[in-house]
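Below: one structure, written as structure tokens.
Proteins come first, then strands; the chains are lettered A, B, ... in the order of their sequence lines, and each starts at number 1.
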Number of protein chains: 2
Amino acid sequence: MAGEDGMTGEAAEPGTVRPGGRTARVREAVLRAAEDALTEAGFARLDLTDVARRAGVGKTTVYRRWGTAAGLVADLLQDMADQSVPRTETGTLGGDLRANADLVRRTLTDPRQGPLFKALITAATCDEKAAQALHRFYERRVEEWAPCVEQAVQRGELPAGTDPREVVRAVSAPLYYRLLTTPAPPDEAAATQAAAAAEAAARAGAYVRGSLRGRDAANPPRS
Amino acid sequence: MAGEDGMTGEAAEPGTVRPGGRTARVREAVLRAAEDALTEAGFARLDLTDVARRAGVGKTTVYRRWGTAAGLVADLLQDMADQSVPRTETGTLGGDLRANADLVRRTLTDPRQGPLFKALITAATCDEKAAQALHRFYERRVEEWAPCVEQAVQRGELPAGTDPREVVRAVSAPLYYRLLTTPAPPDEAAATQAAAAAEAAARAGAYVRGSLRGRDAANPPRS
């Protein structure tokens, strides 16, 4: 990854998440300034000159490196994807899914993260490059939580063949849908409901992979 | 409603969805032009002068009546909310939810409706007035499909106290989430899975109203 943005020579050692060096420091300052600007005014008003000023970086540097507002958002999403957020392990599927739902709820209702995520989604609906970066970000997050479902399958809590990613996505989906389509931001009850619904559907076999995907989940055969 | 946008005197009879008269014809032409523009280029590039030209209407009229791009989107959403889409009635909860999921899938993957809905969501994340109009639109659509869940409760297919709106939202949520966060648009298998998961969770009691909302749905008591 480091090679893609020209920082290869500056990484102090393999595995360093934030390599030192001026290029990396500039990126860090610009991405944090971009976050501030997106949080305050949304994607439609994101302006590279303003971001450069906030970051204390030359305007030319910002335009040369990121090119457009969408390009800057795509790099911010890459940076966010690279930040590992360790998942909570509670020992039960229900506990893990509730922890995940609560993390999503707290993010979406956070005074800073909430507007930031809305701005990122806006950018993704407007620009293909930002959309691809957003997809990679969610893919990474989903991968991080998938093991809680895999372990539940191993423990026999869920049917064999359950698609872990689909279960993880099922927890987030109603919280994002609520954020975008209703006036009420997702609350604790919504998070609890999202986790419980995903678990119930998973137990019923709704996320078992294959051509019969979901078809008979609501009425599983009594074997 | 007619009174709010100055068309009171022109409605031919109560209950007429599209009253005649010049004002109504202008609105119709402008909203269809706005749809075209949103579908082609998204919300960020929506320009009232361009919409006026497409609609063959004076620029001053459009600016005076709608004011801003967000104001125009809000009125378009009001118009969309007023178009009644009769729900499919299949006689079973599973059939009704699958019909709903398939309608959502077809809308989101339609070459015209898909980009339009992305643009409407973008507008709602950028502007409070557009957001309120989007919320009213989804509220109306959810209300239209709620009876299929109410009937399932009456038939004994679902537990008493199930919140019909939550079940209807649960069908749409994964399809919108997939549209926004993954590169793969929702396909038939995704629609089938969304409907089956919502039904399974509803049968398990995940959408029963009240303080225990969802808490015990994944492990219902064996009574």
Per-residue tally against chain A (heavy atom, under 4.5 Å) across B:Ala194, B:Ser172, B:Ala202 peaks at B:Ser172
In this structure, are over 12 heavy atoms from other groups packed under 6.0 Å from A:Gln113 atom CD?
-> yes
Atom pair NZ/CD1 of B:Lys118 and A:Ile121 - distance to nearest 0.5 Å = 11.5 Å
Most heavy-atom pairs under 4.5 Å with chain A, out of B:Thr122, B:Val142, B:Leu97, belong to B:Thr122
Best-contacting candidate, A:Pro174, A:Pro183, A:Cys126, against chain B by heavy atom pairs under 4.5 angstrom = A:Pro183
Could you check which of A:Thr182, A:Leu134, A:Thr125 has the highest count of heavy-atom pairs closer than 4.5 Å to chain B?
-> A:Thr182
Residue pairs fulfilling salt bridge (charged side-chain N to carboxylate O under 4.0 Å, His left out) with at least one residue in residues 107-116 of chain B, sequence neighbours excluded = B:Glu35-B:Arg112, B:Asp36-B:Arg112
Atom pair CZ/CZ of B:Arg178 and A:Arg169 - distance to nearest 0.5 Å | 6.0 Å
To the nearest 0.5 Å, how far apart are CD in A:Gln193 and CG in B:Asp163?
-> 7.5 Å
Under a 4.5 Å heavy-atom cutoff, which of B:Glu139, B:Arg45, B:His135, B:Gln132 has the most pairs with chain A?
-> B:His135
Closest non-hydrogen contact found for A:Ala197 with B:Ala201 is O-CB, 3.6 Å
State the OH-CG distance between A:Tyr177 and B:Leu180, to the nearest 0.5 angstrom.
-> 11.0 Å
